[in-house]
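All heavy atoms count here, side chains included; hydrogens, waters and symmetry mates do not. None of these values were measured; they are calculated from a predicted model. Note that ligands are numbered from 1 as they come in the structure, with each ligand's atoms numbered from 1 the same way.
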Amino acid sequence: MIFVTKPFLPDISKYQKYLERIYESRWLTNNGPLVKELNARLCDYLGVSNLVLVNNGTMALTLAYRLLGLNKSAITTPFTFVATTSSLCWHNIRPKFSDIDANTFNINPALLGEAVDDEVEAIIPVHVFGNACDIGNIEKIAAKNNLKTIYDASHAFGVSYKDKSILSYGDVSTLSFHATKLFHTIEGGALVINNDELYEKAVRMVDFGYDDDNSIAEIGTNAKMSEFHAAMGLAVLDDIDGIIGRRKEISDYYEAELSTRYRLQEKNPESSMNYSYFPVVFESEQELLDAMDRLNSNRIYPRRYFYPSLDTIEYTNSNKCMAISRAIADKIFCLPLYDDIGMDNARSIVEILKDNNL
Ligand SMILES: *Cc1c(COP(=O)(O)O)cnc(C)c1O
């Protein structure tokens with residue numbers, strides 16, 4: 001069976017080398033040597049500073065809200081994984097949806113102005129499928145309206161925008177290192193914070209509010225990454241260039257074979273790609289369902305990312321229909337794409353899809 005994704009597992013002996021270090025030190029969690037090493041190597045690889053490792057990507061988002069003092073409302077996209085929105089609702093911050101661009105699937109800066117009201121404190125865009133948002137225009141609208149920006153960069157590991165890390169824009173960017181993501185620590189995530197004081201505050205908040213002198217400086221929580229999770233991250237990071245290279249090969253093949261028949265995501269020309277997802281847009285939901293059936297009967301399981309459009313979920317209390325997001329959500333899925341999917345499987349998938357589109 002071929003699923004939309006399959007977690008990458010490093011060579012077990014490599015993972016074991018890192019685990020042996022934990023057994024020797026008996027330092028299992030609380031900012032141990034492997035977490036420190038992973039942090040330093042990620043800063044180097046991603047080209048950022050002020051990175052804080054945490055236990056998952058949802059926690060990274062909620063820490064960002066807390067760090068920037070959000071408590072009323074934030075503008076966000078209806079076309080994303082549910083965590084971007086549910087984390088807001090969980091903290092009683094009202095999500096205010098603003099529709100996406102039909103071609104890039106990212107929040108449309110031209111519509112943001114309409115969504116601003118007295119309660120809105122921030123804009124929370126997502127770099128959907130690793131494709132950079134129109135950061136320049138989002139930042140302009142944020143500055144004009146005195147709003148914070150938090151980029152959910154869960155899909156954008158290693159992506160650069162205008163020749164520097166995509167994580168260096170806005171107030172905070174968040175990453176998810178969940179097992180299904182391009183780079184992972186089984187469960188995990190990070191914040192990248194573009195302000196030194198807020199960075200120091202985040203470091204304390206992750207560990208119950210303790211500061212360097214072991215006094216409790218403020219309200220904190222427990223968002224720490226363990227040494228075992230960091231060990232997986234270090235082992236995966238050793239292989240990351242190969243992982244991205246193999247995904248690129250499959251993505252390039254899909255693109256060459258499918259771009260004349262199907263609508264694919266329009267890439268931001270100033271963004272690099274990390275080949276984390278391969279979305280395909282159909283003419284209609286029926287055409288999508290037919291393609292799913294055909295693939296499923298060959299034991300191939302693409303996934304409807306992102307479905308449904310989040311403005312249709314009752315608890316979001318959205319009073320405005322996000323027409324473009326709904327239209328895209330109804331007819332998009334992501335093709336299987338993972339490290340060892342292999343060219344033979346990719347060829348079968350392409351053949352089945354082409355047959356389907358008579
Ligand atoms: C995966 C994901 C998250 C949540 O990350 P977890 O590590 O699973 O908590 C948030 N936003 C987006 C866009 C994601 O894809």
Side-chain angles (χ1 to χ4, degrees), residues 3-8 38 42 51-66 74-91 93 95 97-98 100 104-107 122-133 138 149-159 166-167 170 172-192 206 221-226 228-230 232-233 236 247 265 271 274-279 303-311 313 316 325 328-329 332-334 337-338:
F3 291 103
V4 67
T5 190
K6 195 158 108 184
F8 175 82
L38 179 62
L42 282 173
L51 181 140
V52 184
L53 289 169
V54 295
N55 53 358
N56 63 63
T58 305
M59 184 57 104
L61 283 166
T62 60
L63 282 165
Y65 309 151
R66 186 100 195 178
I75 298 172
T76 188
T77 171
F79 189 72
T80 175
F81 182 59
V82 65
T84 320
T85 290
S86 61
S87 57
L88 286 166
C89 296
W90 189 258
H91 285 260
I93 302 163
F97 292 118
S98 186
I100 58 169
T104 66
F105 318 144
N106 283 327
I107 206 161
I123 307 174
I124 305 170
V126 179
H127 304 298
V128 173
F129 305 133
N131 185 32
C133 292
I138 293 170
T149 48
I150 299 168
Y151 290 93
D152 182 342
S154 293
H155 300 177
F157 184 86
V159 170
I166 198 166
L167 307 171
V172 177
S173 288
T174 66
L175 292 161
S176 164
F177 301 151
H178 183 258
T180 56
K181 301 298 204 279
L182 174 67
F183 165 79
H184 80 90
T185 60
I186 309 170
E187 292 275 3
L191 300 93
V192 174
V206 164
T221 186
N222 179 3
K224 299 186 302 291
M225 177 179 280
S226 83
F228 288 82
H229 292 85
M232 179 57 81
V236 175
R247 284 171 167 272
Q265 185 178 29
S271 169
N274 66 6
Y275 313 101
S276 45
Y277 299 88
F278 197 91
R303 179 135 184 223
R304 296 185 73 174
Y305 280 146
F306 294 103
Y307 180 85
S309 179
L310 298 177
D311 61 302
I313 293 181
T316 66
S325 174
I328 297 294
I332 191 168
F333 71 35
C334 284
L337 179 59
Y338 48 85

Donor + acceptor pair across side chains of S325, S309 (<3.5 Å): yes

Answer side chain, backbone, both or neither: which part of M59 comes under 4.0 Å from ligand 1, heavy atoms only. neither

Looking only at protein heavy atoms, which one is nearest to atom 5 (O) of ligand 1, and what is the separation? S176 OG, 3.1 Å

Looking only at distances, can you tell me whether any N or O atom of H155, backbone or side chain, sits closer than 3.5 Å to an N or O atom of ligand 1? yes

Is it true that H155 and F105 have ring centroids separated by less than 6.0 Å? no

For a 4.5 angstrom cut-off between non-hydrogen side-chain atoms, does F177 reach M225? yes

Under 4.0 Å, counting heavy atoms only: does A60 come that close to any atom of ligand 1? no

Aromatic ring pairing Y277/F129, orientation class (parallel under 30°, perpendicular over 60°, tilted between): tilted

If we set the cut-off at 4.0 Å for heavy atoms, which region of T80 has an atom near ligand 1: side chain, backbone, both, or neither? side chain

Out of the candidates D311, L310, I123, I100, only one should pair with T77 under the side chain to side chain contact (heavy atoms under 4.5 Å, CB included) rule; please name it. I100

Do Y305 and V128 have side-chain heavy atoms sitting under 4.5 Å apart? no

Can you tell which part of E187 has a heavy atom less than 4.0 Å from ligand 1: side chain, backbone, both or neither? neither

Taking R247 for the side chain and S276 for the main chain, is one N or O donor matched with an acceptor at less than 3.5 Å? yes

Among V52, L167, I166, find the residue that satisfies the side chain to side chain contact (heavy atoms under 4.5 Å, CB included) test when tested with V192. L167

Which ligand 1 atoms, with their elements, are less than 4.0 angstrom from a heavy-atom of T58? 4 (C), 5 (O), 6 (P), 9 (O)

Element-labelled atoms of ligand 1 that are located less than 4.0 Å from some non-hydrogen atom of A83: 4 (C), 10 (C)

Using a 4.0 Å cut-off to any heavy atom of S154, which atoms of ligand 1 qualify? 2 (C), 3 (C), 10 (C), 11 (N), 12 (C), 13 (C), 14 (C), 15 (O)

Could you check atom 11 (N) of ligand 1 against the protein and tell me its nearest heavy-atom contact, residue, atom and distance included? D152 OD2, 2.7 Å

Atoms of ligand 1 under 4.0 Å from any heavy atom of K181, numbered from 1 in the order shown, are 1 (C), 2 (C), 14 (C), 15 (O)

Suppose I only count heavy atoms of G188 and a 4.0 Å limit; which atoms of ligand 1 are within that range? 7 (O)

Any N or O of G57 closer than 3.5 Å to N or O of ligand 1: yes

With side chain to side chain contact (heavy atoms under 4.5 Å, CB included) as the test, pick out the partner of I124 among I150, T149, I107. I150

